[in-house]
Engineer: 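Handing you a structure now.
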Protein chains: 2
Amino acid sequence: MVKNHELIKFGLRVRELRLLKGLSQEDLADLADLHRTYIGGIERGERNVAFLNIVRLAKALEIPLSDLMKGVD
Amino acid sequence: MVKNHELIKFGLRVRELRLLKGLSQEDLADLADLHRTYIGGIERGERNVAFLNIVRLAKALEIPLSDLMKGVD
DNA sequence: ATGAGTCTACAGCCTATGAGTAGCAATTCC
DNA sequence: GGAATTGCTACTCATAGGCTGTAGACTCAT
């Protein structure tokens with residue numbers, strides 16, 4: 001398992017934005033066309049997400065990529 | 001080969017920032033502890049870079065992640 | 001002009017790991 | 001106590017990571 005500090009921060013950022021929109025992990029998964037448990041893994045900082053999936057998340061959360069990264073670094 | 005539109009934009013962004021600092025691909029590769037040809041592949045939009053390598057690039061380029069993503073989406 | 005040095009593009013390759021899923025336990029909230 | 005949500009383990013398959021080697025463009029000195 002990965003468990004890197006930056007990944008954890010990114011995961012928390014995703015969770016924060018998801019809850020802000022009142023979505024469940026499954027809701028977000030559907031919107032981003034990703035799997036429920038995969039979203040869970042991201043939020044826990046256990047997944048080293050590749051760029052194109054980060055883009056999917058940003059689109060699903062309806063925010064620019066740069067905003068998604070805000071607060072991560 | 002990948003060749004996705006978002007990846008191309010990201011690659012161009014990396015190139016733009018690299019040249020702004022007057023670095024060669026090899027210079028950036030050394031700074032980010034990545035391989036020379038890998039950097040080339042990223043700039044050509046042929047690599048679906050994972051999060052932790054995006055972080056490395058941002059640090060090597062001495063800019064926040066959010067700035068690196070700026071202009072990509 | 002030619003040879004050396006620098007920089008980049010690109011094809012190909014192997015292995016390490018990301019992507020995606022299933023199943024069940026734990027938790028939270030009616 | 002039932003339903004919805006999330007945590008977590010484990011697994012396969014696809015692909016990202018990292019590298020080698022070759023070739024072309026360009027600069028500059030000899």
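Convention: sequence-line order gives letters A, B, ...; per-chain numbering from 1.
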Engineer: Between the base of dG20(C) and the side chain of R36(A), is there any donor-acceptor pair under 3.5 Å?
Structural biologist: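 Counting by modelled atom types and ignoring angles, no donor-acceptor contact under 3.5 Å is found here.
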Engineer: With the side chain of H35(B) defined as its heavy atoms from C-beta on, choose the nearest nucleotide among dG20(C), dA9(C), dT20(D).
Structural biologist: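 The nucleotide sitting nearest to the side chain is dT20(D).
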Engineer: Could you check how far CG of L28(B) sits from C1' of dG18(D), rounded to whole Å?
Structural biologist: 15 Å
Engineer: Assess whether a salt bridge exists between E6(A) and R56(B), defined as any Lys/Arg side-chain N lying under 4.0 Å from an Asp/Glu carboxylate O.
Structural biologist: no
Engineer: Heavy-atom nearest nucleotide on DNA chain D for E26(A) versus R56(B): which residue maps closer to 5'?
Structural biologist: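 The residue whose closest nucleotide sits nearer the 5' end is E26(A).
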Engineer: Quickly work out the D30(B) CG to dC7(C) P distance and round it to whole Å.
Structural biologist: 11 Å
Engineer: Atom CD1 of I39(A) and atom C1' of dA19(C): how far apart are they, to the nearest Å?
Structural biologist: 12 Å
Engineer: Between L34(A) and D27(B), name the one whose nearest nucleotide on DNA chain C is closer to the 5' end.
Structural biologist: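 Nearer the 5' end of the strand: D27(B).
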Engineer: What is the separation between atom CD on Q25(B) and atom P on dC7(C), rounded to the nearest whole Å?
Structural biologist: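 Going from Q25(B) (CD) to dC7(C) (P), I get 10 Å.
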Engineer: Phosphate oxygens OP1/OP2 of dG7(D): is one of them under 4.0 Å from a side-chain N or O of R44(A)?
Structural biologist: yes
Engineer: L7(A) CG to dT17(C) C1': how many Å, rounded?
Structural biologist: 13 Å
Engineer: Under a 3.5 Å distance rule, please check whether R36(A) uses its side chain to pair with a backbone N or O of E26(A) as donor and acceptor.
Structural biologist: no
Engineer: Could you check how far CD1 of I42(A) sits from C1' of dG18(C), rounded to whole Å?
Structural biologist: 11 Å
Engineer: Taking CG from N4(B) and P from dA16(D), how many angstroms apart are they, rounded to a whole number?
Structural biologist: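 These atoms are roughly 11 Å apart.
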Engineer: Does any part of the side chain of I54(B), heavy atoms only, come nearer than 4.5 Å to the side chain of I54(A), both counted from C-beta?
Structural biologist: yes
Engineer: Are the side chain of N48(B) and the backbone of L52(A) linked by a donor-acceptor contact shorter than 3.5 Å?
Structural biologist: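 Pair found, side chain donor or acceptor close to backbone of L52(A).
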Engineer: From dG17(D), dA9(C), dA22(C), pick the nucleotide closest to the side chain of N53(B)?
Structural biologist: dG17(D)
Engineer: Report which part of the nucleic acid T37(A) touches: base, sugar-phosphate, or nothing (heavy-atom distance under 4.0 Å, all strands).
Structural biologist: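 Base, at least one base heavy atom under 4.0 Å.
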Engineer: Given dA19(C), is OP1 or OP2 found less than 4.0 Å from the side-chain N or O atoms of Y38(A)?
Structural biologist: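 Checking dA19(C) against Y38(A), a side-chain N or O does come within under 4.0 Å of OP1 or OP2.
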Engineer: Reading DNA chain D from 5' onward, which residue's closest nucleotide shows up sooner: A50(A) or R15(A)?
Structural biologist: R15(A)
Engineer: dA19(C), dG17(D), dT5(D): which one has an atom nearest the side-chain heavy atoms of S24(A)?
Structural biologist: dT5(D)
Engineer: If we ignore hydrogens and angles and just use 3.5 Å, is the side chain of R13(B) paired with the main-chain N or O of K70(B) as donor and acceptor?
Structural biologist: yes
Engineer: dG12(C) P sits how many Å from E46(B) CD, rounded?
Structural biologist: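 For the pair E46(B) CD and dG12(C) P, the rounded distance is 12 Å.
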